[in-house]
Asks: 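After the structure tokens below, expect a handful of questions from me.
Heads up: numbering here begins at 1 and tracks the sequence.
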Amino acid sequence: MKQLISRLKGDKGIWSFVALLALFSFMPVFSASSNLAYLGHGTGNTLGYLLKHLAHIGCGFAIIYYVHKIPYHYFRSISKWLLPVVWIVLAITMIKGTVIGGANASRWIQIPFVGISFQPSAFAALVLFVFVARYLSKTRTEPIDFAASLKELWLPVFITLIFILPSNFSTTALIFSMILMLVFIGKYPMKYIGIIVGSGIVFLTFFVLVSKAFPDAKFFSRVRTWESRIENFSTDKPDEDDYQIEKAKIAIASGKIYGLGPGKSVQKNFLPQSSSDFIYAIIVEEYGLVGGLGVLCLYLLLLFRFVVASHKANTIFGKLVVIGLGFPMIFQAMINMAVAVELLPVTGQTLPLISSGGTSIWMTCISLGIIIGVTKKEEEIELEQKEAAKREEALQRLIDAELASEEKEKESYSIEDKVANPMNAVLNK
């Protein structure tokens, strides 16, 4: 075990908090999967779902380990070449999406010959954040030209978002807001950011108006869902999402301070997405306010380590990659918790590293691997500097010892001949 831990490079704080979140996830997933077990095979045995989650987490940590071994600057050029691949996969998903447990057909795609379902929007977000960090980290001798940035930065961003928007508005909004935060930190001019935000609002309005003109088109089928969720959030009109929110609030209220105890949740049998979108409500019901705040604190501590890692990075690309990949992870967690307590309308965002689901876990682990790779590089640079300092100190000691030895030889040598003439014995004869 010690040998394995010694091979883990990078920020140990990030490793620790990620491991704590992953280890904690097994209890709520094991408990909250009971409704899926009843619907799936009618026995209520959740052991299979626990083993599946264990496989997802195990693969996720293997991904973190191997990704953090790759020098992070490699992803700088990889992101540029992966974007066209992302567009092709998103287009295929839009046309030939598959239904996963009744979820929206256009969000998922089945990988051929493997049988694994994959949500390409999560992968697209990861590639897009690295791509934006790459553009912002370019060394420029002149101010940013808006026309050139439209072609080099915003055109790829908007093409990607257009592919995601029809099936997943919440993910599109999350990606766009995180990119705006990233370009602001990357010192992109504010007046240009304002133009981009205005253009995005105009495009979204145009998209909704066109969907009104063609209400039966499959391409615009999700627009009615967005409108109903926003309308039901602002009013008391009951629907399926309102049913989920009510059950989540009952679960949270039942938990009180210390909770009902591990595995003793009642609302897990009624919440349709109890092991994914609404797992935070089950956590609060079983572990109480203490458990809910504990999970929140773990995410905030992880955010703190991301800030520290970004501050320590010695390249602009490293700083922006940590921010671009780390902050959306925490922001997604906050959105998931806010939905459970009805601070936000239902969005379908999972709780990173805790909710069940392979795509979410694996994409999060790739992001964490890149972030840890940045911190590993800084550790390597610091270690090299320490070793260089030690070598200089050792060399200086050798030089000082040599100089001291030469001084002693000079002191012992004298031009006066204090020794008697060795020929005296012959001369005296």
Side-chain angles (χ1 to χ4, degrees), residues 1-30 50 53-72 75 126 129 262 279-280 283-284 286-314 318-319 321-334 336-337 350-358 360-383 386:
M1 189 66 178
K2 290 182 179 180
Q3 187 178 4
L4 177 63
I5 295 175
S6 64
R7 292 181 181 179
L8 303 179
K9 306 299 180 182
D11 192 299
K12 296 300 187 293
I14 295 177
W15 277 110
S16 301
F17 297 133
V18 168
L20 286 173
L21 286 169
L23 288 173
F24 174 76
S25 70
F26 288 101
M27 290 298 292
V29 167
F30 180 66
L50 179 64
H53 184 67
L54 175 62
H56 289 158
I57 292 292
C59 290
F61 271 86
I63 289 171
I64 296 177
Y65 178 78
Y66 287 109
V67 171
H68 100 287
K69 292 286 188 181
I70 302 172
Y72 73 91
F75 297 100
L126 190 155
F129 291 142
I279 196 169
Y280 187 69
I283 290 172
V284 177
E286 293 187 351
Y287 300 93
L289 181 64
V290 174
L293 290 178
V295 172
L296 176 61
C297 288
L298 281 176
Y299 282 113
L300 293 177
L301 288 170
L302 191 58
L303 174 63
F304 173 73
R305 293 311 308 174
F306 290 156
V307 173
V308 172
S310 175
H311 179 72
K312 286 184 176 180
N314 65 340
K319 294 177 184 292
V321 160
V322 173
I323 294 171
L325 296 179
F327 281 38
M329 197 184 307
I330 307 302
F331 195 57
Q332 180 182 336
M334 298 303 168
N336 178 278
M337 297 177 197
T350 58
L351 195 59
L353 296 170
I354 293 182
S355 294
S356 61
S360 174
I361 292 173
W362 296 338
M363 294 303 107
T364 300
C365 288
I366 292 175
S367 299
L368 288 167
I370 297 173
I371 292 171
I372 293 174
V374 175
T375 63
K376 182 197 72 171
K377 183 64 178 178
E378 307 315 315
E379 282 188 356
E380 290 175 351
I381 293 173
E382 185 178 356
L383 183 62
K386 288 181 179 179

Asks: In this structure, are over 12 heavy atoms from other groups packed under 6.0 Å from Tyr66 atom OH?
Replies: no

Asks: Is there a side chain to side chain contact (heavy atoms under 4.5 Å, CB included) between Trp362 and Ile366? Walk through the geometry before answering.
Replies: CA-CA 6 Å; Trp362 296 338; Ile366 292 175; 5.5 Å; no

Asks: With rounding to the nearest 0.5 Å, note down the distance linking CZ in Phe129 to CD1 in Ile370.
Replies: 12.0 Å

Asks: List the steps and the verdict of side chain to side chain contact (heavy atoms under 4.5 Å, CB included) for Val307 and His311.
Replies: CA-CA 6 Å; Val307 173; His311 179 72; 5.5 Å; no

Asks: Does the pair Ile354 and Ile283 meet the rule for a side chain to side chain contact (heavy atoms under 4.5 Å, CB included), with working shown?
Replies: CA-CA 10 Å; Ile354 293 182; Ile283 290 172; 4.0 Å; yes

Asks: Please tell me if the side chains of Met337 and Val295 come closer than 4.5 Å, counting only heavy atoms from C-beta onward.
Replies: yes

Asks: What closest approach, in Å, do Lys9 and His68 show between heavy atoms, and which atom pair accounts for it?
Replies: N-NE2, 3.4 Å

Asks: For a 4.5 angstrom cut-off between non-hydrogen side-chain atoms, does Phe306 reach Thr375?
Replies: no

Asks: Measure the spacing between CG of Leu353 and OG1 of Thr364 and express it to the nearest 0.5 Å.
Replies: 5.5 Å

Asks: Going by the rule side chain to side chain donor-acceptor pair (under 3.5 Å), which residues pair with Ser25 if we only count those two or more places apart in sequence or in a different chain?
Replies: His53

Asks: Quick check: does any side chain N or O of Tyr299 sit under 3.5 Å from a backbone N or O of Pro352, one acting as donor and the other as acceptor?
Replies: yes

Asks: Which atom names give the shortest non-hydrogen contact between Ser360 and Thr350, and what distance separates them?
Replies: OG-OG1, 2.9 Å

Asks: Give a yes or no on whether Phe61 atom CZ has more than 12 heavy-atom contacts from other residues, nucleotides or ligands under 6.0 Å away.
Replies: yes

Asks: Where do Ala313 and Lys319 come nearest, in terms of heavy atoms and distance?
Replies: O-NZ, 2.9 Å

Asks: What's the spacing between Leu301 CG and Ile14 CD1 if we round to 0.5 Å?
Replies: 12.0 Å

Asks: Suppose we screen for ring-ring contact (aromatic ring centres under 6.0 Å, His included). Which residues come up paired with Phe24, at least two apart in sequence or across chains?
Replies: Tyr287

Asks: CG of Leu368 to CG of Leu302: how many Å apart, nearest 0.5 Å?
Replies: 6.5 Å

Asks: The test is side chain to side chain contact (heavy atoms under 4.5 Å, CB included); show your working for Phe75 and Val67 and say whether it passes.
Replies: CA-CA 10 Å; Phe75 297 100; Val67 171; 3.9 Å; yes

Asks: Quick check for you: to the nearest 0.5 Å, what is the distance between Phe17 atom CZ and Leu300 atom CG?
Replies: 10.5 Å

Asks: When rounded to the nearest 0.5 angstrom, what distance separates NZ in Lys312 from CZ in Arg305?
Replies: 6.0 Å

Asks: Any side-chain heavy atom of Phe30 within less than 4.5 Å of one from Pro262?
Replies: no

Asks: Looking only at non-hydrogen atoms, find the nearest pair between Ile64 and Cys365 and report the distance.
Replies: CG1-O, 3.4 Å

